[in-house]
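So the structure is just underneath, and the comments pick up after that.
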Amino acid sequence: MKKLLLIICLIGFFSCTEESYDIIILNGTVFDGTGSDGQQTDIGIIGDRITKIGDLSKANAKITIDASGKAVSPGFIDMHTHLEPIMEMPEAESLVRQGATLALGGPDGSSPWPFGEYLDSLERKGVGPNLAYLVGHNTIRRTVMGNEDRAPSSQELDTMKFYVQKAMDEGAYGISTGLKYLPGTFAKRDEVVELSKIASEQGGIYTSHLREEGLGLIDAVKEAILISKEANIPVVLTHHKAIGVKMWGASSQTLALVDSARNAGLDIMMDQYPYTASHTGISVLIPSWALEGTEFAERVSNPSLRDSIKAGIVFNILNDRGGSDLRRIQFSRVSWKKELEGKTLHDWAILEGLEPTVENGADLVIQAQLNGGTGTIYHAIDAGDVANIMKHPMTMTGSDGRLSRPGEGHPHPRAYGTFPRVLGYYVRQEKVLDLPTAIHKMTGLSAQRLGISDRGIIKEGSYADITIFDPETIIDQSTFTDPHQYPLGIDYVIINGKLAVEKGEFKNIRPGKILRKNQ
């Protein structure tokens, strides 16, 4: 009897001391985000942290996930995200269902303002993924100077520097520029350098939509490299690409410039989306001088000025984003003529009873801008350049996608499919990258760029941001003709220890955190 009681007591003791977790992930092939090969092991999560990596076959958990045959990765980090609709779409389903658990907003020189107040409001609202933000140069310049084509006065420059400092104090991860867009296109390099120095002093980074991505691409890359040197700041050439048929193949030159700069001790990196089409406003086809201030309508009503504006548009259609063909210019959002969404500039010319010439297309571009502009997809990137840039060891993944939901507009498919497309098409099908490298580019490498040590990597003590997917089936489904489609092959997305996607089902929760640098 005494032996029996002793055995019962021992059984009770060991059962009480078994490890217990909120979530256990069993039998998966774990890729830690460093670029190392996957290892079959288990992961234990308590609260919002990974607390154990190893054999957990005998441990207890509230939720157990069998990841047999699946890849277990750090949650993906989107290095270039258009989060503008986040207040209307706080769960960010189009992003989270791609496996993204952290997104960097405020790209291309545009960011929320006032900066800190906006982040506070997001914290109160609650968000699906973790969010970090850059402060936008265009936003600050417009706040201080409007859309004027001139250099700032010393007082205006001091005010802009103060605003950059304020945003950095409030948690910005750096500064972004959109030197192709108004009013950034009017800024000279010395202005950008002075503002970037402020971000650099706080450990921030500089990301740039370059001044040109078409015929002026090489000089624009050189300018970004000079800004890195003069401001002593890490630089990201964001959504790096070569636009326009005449520039196809130019990635070999831009990557050589990056390598040369890095060999000289400068910290230059890139991010990229895996598509052969870009997306921005129709105004990118219009000469910048014509858009200064609010006098565009007045300028195009002047016959001589209109001729000059039209000639500039024709040049851009032939040599830049137009790709020399009106069929390459596709509308995504047209608030004033919804029936054009998904159609091309060629289609619009036909609907208007016009010959689809470049000259007639230019007139329609003017008409579109007068009506308030359009969101526009430009099919003007070479597949060879996409693969070439993707293979570079300093290239990260960024969707450049705008938060989207079915039924609203005709978005670029990157809004739904960026990360699955890399893993399904470029890894599994085209073998441009191997799986550990691709995961590193969308997790650990990005976290390093942001200076975040406890996300983007699977290790004990790091945040439980994890994506579990099937490497044999993961693929994007969103297309340029039918964009509102979620990807396949992503089974689980865990954000701060909470299941945001479970067995492929979106859970519609808000477990994300607002990340603030140095806070």
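In this chain, residues are counted from 1 in sequence order.
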Does a donor on one side chain sit under 3.5 Å from an acceptor on the other, for [X] and [Y]?
X      : Y      : result
Asp259 : His392 : yes
Thr280 : Tyr181 : yes
Gln165 : Asp169 : yes

Starting at [atom1] of [X], measure out to [atom2] of [Y] and round the result to the nearest 0.5 Å.
X      : Y      : atom1 : atom2 : value
Thr81  : Leu95  : OG1   : CG    : 5.5 Å
Leu326 : Leu345 : CG    : CG    : 4.5 Å
Asn496 : Ile466 : CG    : CD1   : 11.0 Å
Asp190 : Leu195 : CG    : CG    : 10.0 Å
Met442 : Ser73  : CE    : OG    : 8.0 Å
Asn371 : Ile366 : CG    : CD1   : 12.0 Å

Just by modelled atom types, is the [Y] backbone N or O under 3.5 Å from a matching donor or acceptor in the [X] side chain?
X      : Y      : answer
Arg510 : Lys125 : yes
Asp476 : Pro487 : no
Ser111 : Gly136 : yes
Ser121 : Tyr118 : yes
Ser446 : Lys441 : yes

Closest non-hydrogen atom pair, Thr374 against Thr376: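 Answer, listing the atom of Thr374 first, then Thr376: OG1-OG1, 2.7 Å.
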If you look at every heavy atom in Pro129 and Glu91, which pair is closest and at what distance?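 The pair with the smallest heavy-atom distance is CD-O, 4.0 Å.
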Are Glu88 and Arg405 close enough, and set up right, to give a side-chain contact (heavy atoms from CB on, under 4.5 Å), and what steps lead you there? CA-CA 10 Å; Glu88 294 75 46; Arg405 57 187 168 200; 4.2 Å; yes
State yes or no: are the ring centers of His82 and His80 separated by less than 6.0 Å?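 Judged by ring-centre distance (under 6.0 Å), His82 and His80 do meet the cut-off.
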Thr238 and its side-chain hydrogen bond (donor to acceptor under 3.5 Å, both in side chains) partner, picked from Asp271, Thr177, Asp108: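 With Thr238 as partner, side-chain hydrogen bond (donor to acceptor under 3.5 Å, both in side chains) holds for just one option, Asp271.
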Measuring only between side-chain heavy atoms, which start at C-beta, is [X] closer than 4.5 Å to [Y]?
X      : Y      : value
Tyr173 : Thr207 : no
Ile268 : Leu237 : yes
Asp400 : His279 : no

Can Lys513 and Ile495 be said to form a side-chain contact (heavy atoms from CB on, under 4.5 Å), step by step? CA-CA 9 Å; Lys513 298 180 180 181; Ile495 301 174; over 6 Å; no
May I have the step-by-step check of side-chain contact (heavy atoms from CB on, under 4.5 Å) for Tyr133 and Ile514, ending in yes or no? CA-CA 9 Å; Tyr133 277 87; Ile514 306 304; 5.5 Å; no
Decide, yes or no, whether a salt bridge links [X] with [Y] under the criterion of side-chain N to carboxylate O below 4.0 Å.
X      : Y      : result
Glu213 : Lys180 : no
Lys459 : Asp32  : no
Lys188 : Glu191 : no

Yes or no on side-chain hydrogen bond (donor to acceptor under 3.5 Å, both in side chains) for Ser200 and Asn232, after CA distance, side-chain angles and deciding distance? CA-CA 7 Å; Ser200 175; Asn232 188 30; 4.6 Å; no
Run the side-chain contact (heavy atoms from CB on, under 4.5 Å) test on Leu318 and Val358 for me, step by step, so that the C-alpha distance in whole Å, both residues' side-chain angles and the decisive distance to 0.1 Å come before the verdict. CA-CA 8 Å; Leu318 291 174; Val358 173; 3.9 Å; yes
Cationic tip of Arg414 within the cone over Tyr273's six-membered ring, i.e. under 6.0 Å and within 45° of the normal?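 Verdict for Tyr273: a cation-pi partner in Arg414.
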